[in-house]
Amino acid sequence: QLQLVESGGGLVDSGGSLRLACAASGFTLNGAAIGWFRQAPGKEREWVSCIAPAGKTNYADSVEGRFTISRDNVKNTVYLQMNDLKPEDTAVYYCARDTRASWYLCASDSANYRSWGQGTQVTVSS
């Protein structure tokens, strides 16, 4: 069955870095569009980034220049490298599959995403 599992979260000081991993089973990431979302307590789930099958990447304005999404086809894993972390980045981070993406484009509409993982907690202290 299609499944995604997030890992790599933790506690980090402001300005620090973390690398999140999204491991896929039941399908091949090379050929799929994968997005990262985050959700803080009491707030709606927020789109962070996505990578299309062709490798084209997109980022939310709030993380542009600080976060980098990438894909390792051998390990069948998508990563989110997070640098210069800020307290407002604190949230549970999820990965999911964009079922409406084209070969080149992925999008931020959460309604098009499926196979959500269980999430991994990221906490950034001041």
Side-chain angles (χ1 to χ4, degrees):
Q1 300 296 317
L2 305 182
Q3 186 175 357
L4 297 170
V5 178
E6 302 93 336
S7 63
L11 176 64
V12 65
D13 292 338
S14 297
S17 298
L18 285 172
R19 190 190 192 194
L20 306 183
C22 174
S25 62
F27 67 101
T28 301
L29 290 179
N30 185 13
I34 299 295
W36 284 97
F37 292 77
R38 64 188 183 186
Q39 187 169 25
K43 298 183 179 180
E44 294 184 347
R45 187 166 294 182
E46 175 190 17
W47 176 79
V48 175
S49 180
C50 64
I51 182 168
K56 180 70 168 62
T57 59
N58 293 294
Y59 300 91
D61 290 343
S62 59
V63 306
E64 181 73 48
R66 299 189 296 121
F67 291 10
T68 302
I69 189 171
S70 63
R71 180 178 62 227
D72 186 327
N73 292 328
V74 174
K75 296 184 177 181
N76 207 32
T77 300
V78 169
Y79 299 95
L80 185 68
Q81 178 66 46
M82 306 185 296
N83 298 325
D84 192 25
L85 283 163
K86 304 175 181 180
E88 52 262 42
D89 296 319
T90 296
V92 177
Y93 283 70
Y94 302 88
C95 63
R97 177 173 54 92
D98 184 355
T99 62
R100 296 293 186 180
S102 68
W103 175 255
Y104 189 73
L105 297 175
C106 56
S108 61
D109 189 353
S110 63
N112 295 330
Y113 283 80
R114 302 290 187 272
S115 304
W116 296 88
Q118 85 289 345
T120 185
Q121 176 71 50
V122 172
T123 303
V124 184
S125 62
S126 301

**Request:** Classify the ring geometry between Tyr93 and Phe67 as parallel (under 30°), tilted (30 to 60°) or perpendicular (over 60°).
**Result:**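 Correct class here is tilted.
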**Point-to-point distance, once rounded to the nearest 0.5 Å, from OH of Tyr79 to CH2 of Trp36** = 10.5 Å
**Prompt:** If you round to the nearest 0.5 Å, how far is SG of Cys106 from CG of Asp98?
**Reply:**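 Result: 6.5 Å between the selected atoms.
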Could you tell me whether the side chain of [Y] reaches within less than 4.5 Å of the side chain of [X], counting heavy atoms only?
X	Y	answer
Gln121	Thr90	yes
Tyr94	Leu4	no
Asp89	Arg66	yes

**Asked** With sequence neighbours left out, what residues match Arg100 under salt bridge (charged side-chain N to carboxylate O under 4.0 Å, His left out)?
**Response**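 Listed in chain order: nothing, the list is empty.
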**Item:** N/O donor-acceptor pair under 3.5 Å between Glu6 side chain and Gln118 backbone
**Value:**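 Checked: pair present.
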Run the side-chain donor-acceptor check on residues 7-35: report pairs under 3.5 Å with partners two or more places apart or on a different chain.
residue, atom, partner, partner atom, Å
Asp13, OD1, Ser125, OG, 3.0
Ser14, OG, Ser125, O, 2.5
Ser17, OG, Asn83, OD1, 2.9

**Prompt:** Same hydrophobic cluster for Trp116 and Val5, using side-chain heavy-atom links shorter than 4.5 Å among ILVMFWY?
**Reply:** no
**Message:** Could you see if Tyr113 belongs to whatever hydrophobic cluster contains Leu80? Use Ile, Leu, Val, Met, Phe, Trp, Tyr and a side-chain cutoff under 4.5 Å.
**Reply:**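 Each belongs to a different hydrophobic cluster.
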Side-chain polar contacts of residues 44-52 - donor-acceptor pairs under 3.5 angstrom, sequence neighbours left out - could you list them?
residue, atom, partner, partner atom, Å
Glu46, OE1, Arg38, NE, 3.0
Trp47, NE1, Ser49, O, 3.3
Ser49, OG, Asn58, O, 2.9

